[in-house]
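Each remark here refers to the structure printed beneath this line.
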Amino acid sequence: MIKYIIYIVLIMIVTMLFIYIGIIKDRQLGMNLMDKLYNKCCNKVLKNMKVTKKMSAVEIRELIKDEKASVIWSKKKVGVTNKIQFTNYVIEGLLKLNEIELIDKSKRIYGLSESSKK
């Protein structure tokens, strides 16, 4: 009899643990989706810049306008809705990471920085 009570208590503890993990993942889902979309767009821009050597902000905007991202454990997806604002966010992030540099300020043309060419 005690043996069955121990099994029931262990099953309850494992179930509570899985529910707790699910709640944590659900809370962080929006942040994880945005991070994945941001990283996907940054990698796409850098990959394209290695081929073209320089790109304008408009070309970057057109490159990432239809990107979507999802995570394995959820059916939810996130995509670029405000392409101008998200493009500025990606460009600022790449500039802060010193991956790209501003070549022409008036036309907003960017190129790969020396540190990312290596």
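Numbers here are sequence positions counted from 1.
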Study note, to complete from the structure: By side chain to side chain donor-acceptor pair (under 3.5 Å), Asn43 pairs with (sequence neighbours left out) none
Exercise for review: Kindly work out whether a path of hydrophobic side-chain contacts (I/L/V/M/F/W/Y, heavy atoms less than 4.5 Å apart) joins Met34 to Val90.
Suggested key: yes
Point to revise | Partner residues of Val9 under the side-chain contact (heavy atoms from CB on, under 4.5 Å) criterion, sequence neighbours left out | key: Ile5, Ile13
**Study point:** Ile6: side-chain contact (heavy atoms from CB on, under 4.5 Å) partners, not counting sequence neighbours
**Key:** Ile2, Leu10
Review point. Does anything in residues 68-86 pair up under salt bridge (Lys or Arg N to Asp or Glu O under 4.0 Å), and if so which pairs, sequence neighbours excluded?
Key: Glu62-Lys83
Point to revise | Partners passing salt bridge (charged side-chain N to carboxylate O under 4.0 Å, His left out) against Glu67 (at least two apart in sequence or in another chain) | key: Lys40, Lys44
Review point. Do you know the tightest heavy-atom contact between Asn98 and Ser113?
Key: O-OG, 2.5 Å
Exercise for review: Identify the two heavy atoms, one from Leu33 and one from Ser70, that lie closest to each other, and give their separation to 0.1 Å.
Suggested key: CD2-CA, 3.6 Å
Practice item. Could you tell me which residues satisfy salt bridge (charged side-chain N to carboxylate O under 4.0 Å, His left out) with Lys54, sequence neighbours excluded, listed by chain and number? Key: none
Exercise for review: List in chain and number order the residues that pass side-chain contact (heavy atoms from CB on, under 4.5 Å) with Asn48, two or more places apart in sequence or in another chain; answer none if no residue qualifies.
Suggested key: Thr52, Met55, Leu63
Point to revise | Set of side chain to side chain donor-acceptor pair (under 3.5 Å) partners for Asn88, sequence neighbours left out | key: Arg108
Check your understanding: What residues join Phe18 in its hydrophobic cluster, counting side-chain heavy atom gaps under 4.5 Å, either direct or through other members?
Key -> Val14
Review point. For Ile23, what residues pass the side-chain contact (heavy atoms from CB on, under 4.5 Å) criterion, not counting sequence neighbours?
Key: Ile19, Arg27
Review point. Tell me the ring pair (Phe, Tyr, Trp, His ring centres under 6.0 Å) pairs involving residues 48-83, sequence neighbours left out?
Key: none
Review point. Do you know which two heavy atoms are closest between Ile100 and Leu46, and how far apart they sit?
Key: CG2-CD2, 4.0 Å
Check your understanding: Which pairs, with at least one residue in residues 25-62 and sequence neighbours excluded, count as a ring pair (Phe, Tyr, Trp, His ring centres under 6.0 Å)?
Key -> Tyr38-Tyr89
Point to revise | Heavy-atom closest contact (Val80 atom, Cys41 atom, distance) | key: CG2-SG, 4.5 Å
Exercise for review: Look up atom CG in Asp104 and atom OH in Tyr110, then write down how far apart they are to the nearest 0.5 Å.
Suggested key: 10.0 Å
Point to revise | Minimum heavy-atom distance Ile60-Thr87, with the two atoms named | key: CG2-CG2, 3.8 Å
Check your understanding: Taking all non-hydrogen atoms of both residues, which atom of Ser74 and which atom of Leu29 are closest, and how far apart?
Key -> OG-CD2, 3.6 Å
